[in-house]
Structures are given as structure tokens and as C-alpha cells.
Amino acid sequence: MPRPPRMTPRRETMADDKKLTPRAEDFSAWYNQLVLRSELADHAPVKGSMVIRPWGYAIWENMQRALDDMFKATGHENAYFPLLIPMSFLEKEKAHIEGFKPELAVVTHAGGKELEEPLVVRPTSETVIMSMYAKWIQSYRDLPLLINQWANVVRWELRTRLFLRTSEFLWQEGHTVHATAEEAEEHTLRMLGVYRTFMEEWMAMPPVTGLKSDAEKFAGAVRSYSCEAMMQDNRALQAGTTHFLGQNFSKQFDLTFQTEEGKEEYGWNTSWGVSTRLVGALVMTHGDDQGLVLPPKLAPTQVIIVPILKGDDVGPVLAKAEALRSALEERDVRAKVDARDHLSPGNKFYEWERKGVPIRMEVGPKDMEKDQVVLVKRVRGEEEPRKEFLPEAEALATIPERLDAFQAQLLAAALARREENSHRGVKTIGELAEIVEGSGGYVYTGWSGDPAVEERIKEETKATLRCIPQEEFRSAEAPQKCIGGEGDATMEVVWARAY
RNA sequence: CGGGGCGUGGCUCAGUUCGGUAGAGCGCUGCGUUCGGGACGCAGAGGUCCCCGGUUCAAAUCCGGGCGCCCCGACCA
């Protein structure tokens, strides 16, 4: 038996063991170090795959819970479809297989023998799900069919980054069938709205939503829509997509139903997904040079209580810390006491700041004498005091609203940043290139719809057409001319360099 | 797959030019003093120097071959 190849773990350069590389110096190094040092994730033995560590997974679980509730509230049920899909299934939809072929992992051997037909490790599940739906749906009375699944998928990537692009990732994929095109398209937009709401209200990350160009749409879709979030380096991150699939898959899998009028028709499909990439988006939206910054609604721990243990009798302080924790728990605040006795308070402060906990509460002997506690917010404005000394009762009573305020503060900051880095009314490719190569950000221009212009801009500036924004994001004054220089603009579009 | 760089305690790296007892900082373990922003002292653990072969009295260091990883480019939730 051959020895397995030795796999050297990858490492990141850290000049100072204690500090992260500042964002301004090297954003990408900052990101990598933060993810590792905050214990969100680690590199796994197989290139491009990752381990999501407890702290990162707890964030994902909070995301899952919120999203799952929203899916249920819009009428969906969860189910589970298998990991392995016959190769022939993917090949049925021509654009689909063309799009995914380069990144498929294929199982060719099993049970000690070569398989008659190779099995694909799902890169997405449209095909296998449609094949099953075809069995289950007979009549318009069976529609709409609204199912979601939480699963892992594999897409063999050449260049990988923790959370942002790994060969295997966790996601949810919703797959629905509707009786009419209108209803399916409406549903596609409804789910786009659900994603947007989740990103704004839970992640404090305000995306620009819109329609994908044909060049950028999902392989097999008629139309794709996306949420484009702006990261702190002013690059765009596609954070969620929803697809109107038309009857493309239904036709290949013979998914038909009898209409009210008694005619046979192909079902109209949608699919939509968000992945653990959202954790990376969260990092790059709110993180600072100290580490992660978590919106309270997604923070596994919202308040970390650090007891100041000095002298011989630490019992009363620990008891007080525990009492505070349980008082917070009664107010539905996720609080935790860091009672470790081998670390100094300073060490704990840095650690929890690195992990992004929104509020720290300190309590020591001096506070107990005065019946007070110390509160420290993870991010504060220049005007705000570093530490707040508050009567215990007041601190406890106001923490829920402080968490809400912190959540709102993050959203406002992210929104302000997005707007500051949105450039409207840009008229030439030269101007676009200058912005993209300089500060970056979103560039709004007119477009004729000519794919040659899109291709040219991608070649020359590395910026891609992120989306044709939904109405509320469009400029007050609609652009008249196409950025390509020839022809009138038929729409306004957003360009940016993207992840 | 092209172009660059790198493989040495858990982590970051020095040592390689010019061969001669494997090192530092951080982390880890034990004891003590500490603890309100990364504490200190003492004692300790931890290494087939990526692998295989060659040269040599002697190889982390020189030579040959392999493997792996990182960064930049071509595909992408």
C-alpha cells in the first residue's frame, strides 16, 4: 500500500504573532489571518477544502436558523436529496453541463469495481430534484411545489479561499415548481427579497439586488438575479442568487402536469441558494484590524462576561459573573462567562474582540463594592467612551437595546460605505477603468445590452457586470448612452471587480 | 497548465553563501508571585531540518531526482 502523500498545512505570514496585518496594508492577508486566528475555520488536508470550526459553525447555524424560518414563512418545506447524481442527468440540460463540467468531481469506482456509469458529486441539485419532482407531480393541484434542502456541494475550484471559494461548501438550495411562468418569476423575485432582507436585518449587510446579464447567469437558467454585497476593499461579492429556470429542466426530465383546462404542460421552475460564503461576506463587511465584528443577531455569544479575579477569594466575583449571565439569559441575551484562571483579563479582552463578540462586560471587586459593571462595545464611535461604568441594574436593563443599537450601527456604516463607493453617471470605459483600478467600488453606467461591450470591459478592466439593478437602486437620472461608446443605453448596469 | 517564491519544534522564522553538537520569539506543561488592556520568575516538554538517492570522516547546508505548499495569471456560490 503506497504511503499517502505528505500534506504540509498551508500557513499565512504573520509578522507579529499578536496583531493581524492591517486591512489597508494587505486586505487579503488580513482576511486569511482573521479567519484562522478567530478560529472560524482551518485548512483541511485536501487542497481547497476546509474545516469549519465551532465558532464559525455557530455563526452559520445562526444564519441557517434565521433563513430556515424565513423559508418556512414563505411556504417551503425541507427535504433531502442525495449527494451522488448520475452523470447522464447533468448531461440532459446542455447549458447546465457546459457550465459545470470544468468543476465536477466524479466517482468512477465503487465497491472495488469501475462503475458502469460515473456518478457526479453534486455541484447543485437541479437535475436529481427535477427527476423526482417529475414522479410526484401530476396535476396543477400539486402545484406550487416548494422545497428547500440544506446540503453540501462540491465544485472543483482552481483558486480557493476559506469560506469564499472552497471545493466543498455548505448551502441551501430551494427548488420550486409552478403552474405558470409569471408565478415562477414572481417567486424568484420573492426569494431574492428574502435574501436581501436576511442580509440587511441579520447580517447588517446591504446588497444591491438585480438581474444578471446573460454572460453571468446560472448555467441552465432563463434569468438569474443576485444580491451583490460590497466588501471593505470595495470589491463586490455575489452573496446570494435566485434563478428563474423557465421550463428548461422540466423539459429534460419530463416534468409535466395537467392544467385546469385539462391540457398537459411542462412545469415552471425556480432555484435559489446561499452558502457558507456568507460567513466570509460577514468578515469582509464588518471586520476591523482587531479582528471579527459580529452583528448581535448572528453572534454566538452576544455578551462576554470577564470576571476580574484578584486576591485569594475569587468566589464572590465568579458568583456575581454567573448571576449576571443568568440575568442576561432571562432577557434572551446570549451571554457567557469567561472564568478561565490561567489567562489575564487583557488576554481575554483581545481574544473576544478578535472573535467579534459585540459587548464585553467586566466585573471585579471594585465594581461589586459600587454595585456596578463595566461595559465595552466592540466598535465605538470617536465620541464614545472606551469603557462605560454603569449601575448593574441599568446595564442589565439596557443591554438588549444596546445590542439592537449596535446592530443598527453596523448596518448604517455598511450602507454609508456602499453609497460612498458607488459611482454614478460614469460615461466611458476609461473613466470606469480609472475608478476600478483606483478606489474600486460600484460603477453605474448605461449599457446597450451588447455582450461585446461586456466582454471588452471585462478584458480591459477586470470589472464584471454585477447586475442590472432593481429600480430602487437606479440613478435618479437614467443614463442615455451605452458605456461602450456606440448606441443608446437601454438600461443602467453596475460594474465592479468581484470575488 | 505558464511565471515567481517557499518547505527547519504547535505558530512565525533565523541558520544554507563558506559542511563540523539543531536555534530564537510566541505558544504549550509544572510550581510560585500576579490579574481593571496581550504579566513575571524558575523548571520543563516538544524536531526522521518535506522525501529518496549521491558526494564526504561528517549534510538542514553541496549535487541529482521527486513531492508538497504559497503568490500572480486562465474558470467560479
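Hydrogens, waters and symmetry mates are skipped; everything else that's a heavy atom, side chains included, is used. All chains are named by letter (A, B, ...) in the order of the sequence lines, taking the proteins before the strands, and each is independently numbered beginning at 1. Remember, predicted model here, so these are calculated numbers, not experimental data.
- Using a cut-off of 4.0 Å between Lys/Arg side-chain N and Asp/Glu carboxylate O, A/Lys377 and A/Glu388 are scored as not salt-bridged.
- Atom pair A/Glu173:CD and B/A77:P shows a separation of 14 Å (rounding to whole Å applied).
- B/C69 is paired with B/G5 under the Watson-Crick or G-U wobble criterion, all donor-acceptor distances under 3.5 Å.
- Separating the P atom of B/A22 from that of B/C49 is a span of 10 Å, rounded to the nearest Å.
- If you take atom C1' in B/A24 and the same atom in B/G5, they sit 24 Å apart, rounded to whole Å.
- Heavy-atom distances under 4.0 Å link RNA chain B to no residue of residues 190-225 of chain A.
- Contacts classified as side-chain hydrogen bond (donor to acceptor under 3.5 Å, both in side chains) and involving residues 289-303 of chain A (residues at least two apart or in different chains) are given here: A/Arg23-A/Asp289.
- Within residues 273-282 of chain A, the residues approached by RNA chain B to less than 4.0 Å at the level of any non-hydrogen atom are A/Ser275, A/Arg277, in residue-number order.
- Sorted by first and then second residue, the pairs that involve residues 204-239 of chain A and meet ring-ring contact (aromatic ring centres under 6.0 Å, His included), not counting sequence neighbours, are A/His96-A/Phe218, A/Phe100-A/Phe218, A/Phe218-A/His243.
- For residues 60-71 of chain A, the pairs satisfying salt bridge (charged side-chain N to carboxylate O under 4.0 Å, His left out) are A/Asp68-A/Lys72, with sequence neighbours left out.
- Seen from the ring of A/Phe389, A/Lys387 does not count as a face-on cation partner, given the 6.0 Å and 45° thresholds.
- Evaluation of the side chain to side chain donor-acceptor pair (under 3.5 Å) rule for A/Thr127 yields no partner, not counting sequence neighbours.
- One P atom belongs to B/A45, the other to B/U8, and the distance between them is 23 Å to the nearest Å.
- B/G44 and B/C28 make up a base pair, with Watson-Crick or G-U wobble contacts both under 3.5 Å.
- Here, B/C63 and B/U56 have their C1' atoms 12 Å apart, quoted to the whole Å.
- For A/Glu455, the side-chain contact (heavy atoms from CB on, under 4.5 Å) partners are A/Glu459, not counting sequence neighbours.
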A/Thr176 and A/Thr270: side chain to side chain donor-acceptor pair (under 3.5 Å), yes or no, with the steps?
CA-CA 5 Å; A/Thr176 69; A/Thr270 82; 2.5 Å; yes

Using a 4.0 Å heavy-atom cut-off to protein, can you give one letter per nucleotide of nucleotides 41-46 of chain B, 5' to 3': B if the base is in contact, S if only the sugar-phosphate is, - if neither?
------

Just by protein heavy atoms under 4.0 Å, how would nucleotides 33-40 of chain B read 5' to 3' in B, S and -?
--BBBBS-

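- At the heavy-atom level, A/Gln238 lies under 4.0 Å from the strands shown only through sugar-phosphate atoms.
- In this structure, A/Leu237 and A/Leu164 have side chains that are in contact, with non-hydrogen atoms separated by less than 4.5 Å.
- Every residue meeting the side-chain contact (heavy atoms from CB on, under 4.5 Å) condition with A/Asp367, not counting sequence neighbours, appears here in chain and number order: A/Val363, A/Gln372, A/Val374.
- Judged as a side chain to side chain donor-acceptor pair (under 3.5 Å), and not counting sequence neighbours, the contacts of A/Asn152 are A/Arg122, A/Glu168.
- We find that A/Glu322 and A/Arg325 are joined by a salt bridge, their nearest charged nitrogen and carboxylate oxygen being less than 4.0 Å apart.
- With a cut-off of 3.5 Å on both Watson-Crick or G-U wobble distances, the partner of B/U33 is given as B/A39.
- Separation of the P atoms belonging to B/G44 and B/G4 is 49 Å when rounded to the nearest angstrom.
- A salt bridge does not link A/Glu98 with A/Lys94: none of the charged nitrogens is closer than 4.0 Å to a carboxylate oxygen.
- The ring pair (Phe, Tyr, Trp, His ring centres under 6.0 Å) check on A/Trp268 picks up nothing, with sequence neighbours excluded.
- Between B/U21 and B/A59, the two C1' atoms lie 14 Å apart (nearest whole Å).
- For the P atom pair drawn from B/A14 and B/U33, the interatomic distance equals 40 Å after rounding to whole Å.
- The partner of B/G53 is B/C63, by the rule that a Watson-Crick or G-U pair needs both atom distances under 3.5 Å.
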